[in-house]
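Residue numbers start from 1 in every chain, and the chains themselves are labelled A, B, ... in the order their sequence lines are given, proteins ahead of strands.
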2 protein chains.
Amino acid sequence: MTELEQYIKSYFGIVAIDDLKTIVTLFKTTTIKRGEFLLKSGKYCNKLSFVQSGLLRMFATIDDKEVTQWISTNGYFATDLSSFIFEKPSRWTIQALVDTELYSITKEDYKKIGNFVPKWNELEKLFLVRCFTILEDRVFSHLSMTAEERYNLFFENNKELFNQVPLHYIASMLGMTPETFSRIRKKQLL
Amino acid sequence: MTELEQYIKSYFGIVAIDDLKTIVTLFKTTTIKRGEFLLKSGKYCNKLSFVQSGLLRMFATIDDKEVTQWISTNGYFATDLSSFIFEKPSRWTIQALVDTELYSITKEDYKKIGNFVPKWNELEKLFLVRCFTILEDRVFSHLSMTAEERYNLFFENNKELFNQVPLHYIASMLGMTPETFSRIRKKQLL
DNA sequence: TTTTGCTCTTGACAAAAATCAAGAAATCAT
DNA sequence: ATGATTTCTTGATTTTTGTCAAGAGCAAAA
């Protein structure tokens, strides 16, 4: 199974191998260089991408401060779902933190998948509910956990990321300042 | 247009009137009394409900504390989406805060909608992305706003709720203690 | 009515997290 | 390699929020 086939499977669930191959043919590989933008806030998000290698950061700018909503690494997707589906301006900017290889599908091709894969609607639904659940977990973590607990939880599940991206982006994504992040980190390293 | 038709429209977007009428026939009205449970954590969520009148609270219990994730009022839906779609045990408990009238559809009937309404898949997708976006906003509010700012934003959009439910539930839903909530509230009332 | 329980507020205090400022360490561009 | 940036850490301090405890206000139940 190719990488992309695996990524898709992990988001969309069990997919018949023939369907999987059909879907994959609609994706194109593209590259974006460190610092370049996959999407800019206010623009229309017209493709859905999976990260093959590299790192993307999704953020919004508010009062001159950048708030990092998500960091996409190898195997994750990166898209403003709301903009992509509703075809409205994006609220997020997506920027490459390092040179990044992507598998991307255009909105146009995305719409066609249903013609080739009869079960597509069901798969897409599972995908969306999975995305929903991830956010539900995140909201819950803010209602019920301290900064330190959020740090620990995230660290356990994303150890690799801590050597790969500037830590203040992770701090922002977890809802704390870089200083607080650094102090918690020190405590855990002892 | 009936109430339920309006509710569905507000979540699913533009729906042809005939389709709307077809969908509505699959819902049944039920009543649940104050204190009773629509769903218990660990059980399977086998129906999707809209609140016609009354109030529901969705929460999880963690370390003897109840964390309120959402309060559903008139026109809102109330369901553990993840449990409903994936048919797995629910993480949430949903309880009526007062006697509550519901429009409910069973999972079984829900699955049939597609047979009667060809565009159903598209509508369902829009519904899910809308739910996703609501949570995306909530996560963002925790990354970029203080407790006071979250209070004000929520108050502006949900003034009525403040006379209808015990305020400590709203406090929990906004991620703060009842005491903090009370102090912020006092400040805003002056 | 009285009692009971729940909700909300308030104060005093403690803890958590943000801010400000400085400097060290690492990385990047030339 | 050098200098320029950016990232990360640390300390001092302030602000925000949580905790604990007590009491007031209300509403439901006896």
Send over the distance from A:L97 CG to C:dC28 C1', rounded to a whole Å.
15 Å

Using a distance-only test with no angle check, is there a side-chain donor-acceptor pair under 3.5 angstrom linking B:S141 and B:R150?
no

Atom CG of B:D99 to atom C1' of D:dA28: distance rounded to whole Å?
14 Å

Using a 4.0 Å heavy-atom cut-off across all strands, classify A:R34 as base, sugar-phosphate, or nothing.
sugar-phosphate

What integer distance in Å separates A:K187:NZ from D:dT9:P?
15 Å

Measure OH/B:Y151 against P/C:dC8 and give the value in whole Å, please.
11 Å

Look for any protein N or O under 3.5 Å of an N or O in nucleotides 14-22 of chain D and output each such pair with its distance, or none.
unit_1, atom_1, unit_2, atom_2, d
D:dT17, OP1, B:A147, N, 2.8
D:dG18, OP2, B:T177, N, 3.2
D:dG18, OP2, B:T177, OG1, 3.3
D:dG18, OP2, B:T180, OG1, 2.8
D:dC20, N4, B:E179, OE2, 3.2

Would you indicate whether the side-chain heavy atoms of A:R57 and A:V165 approach each other to under 4.5 Å?
no

Is it true that, when you exclude A:F155 itself, more than 12 heavy atoms of the residues, nucleotides or ligands shown sit nearer than 6.0 Å to its CZ?
yes

Indicate whether OP1 or OP2 belonging to D:dT9 is found under 4.0 Å from a side-chain N or O atom of A:K186.
no

Compute both the distance and the angle, then confirm whether B:K107 meets the cation-pi test with B:F84: under 6.0 Å from the six-membered ring centre, within 45 degrees of the axis.
yes

Separation of atom CZ in A:R185 from atom C1' in C:dA17, rounded to whole Å
19 Å

Length of the line joining B:E66:CD and C:dC6:P, which is rounded to integer Å
12 Å

Between P of C:dA16 and CD of A:E149, the distance in whole Å:
10 Å

Do A:I8 and A:F27 have side chains that get closer than 4.5 Å, going by heavy atoms?
yes

Cationic tip of B:R185 within the cone over B:F162's six-membered ring, i.e. under 6.0 Å and within 45° of the normal?
no

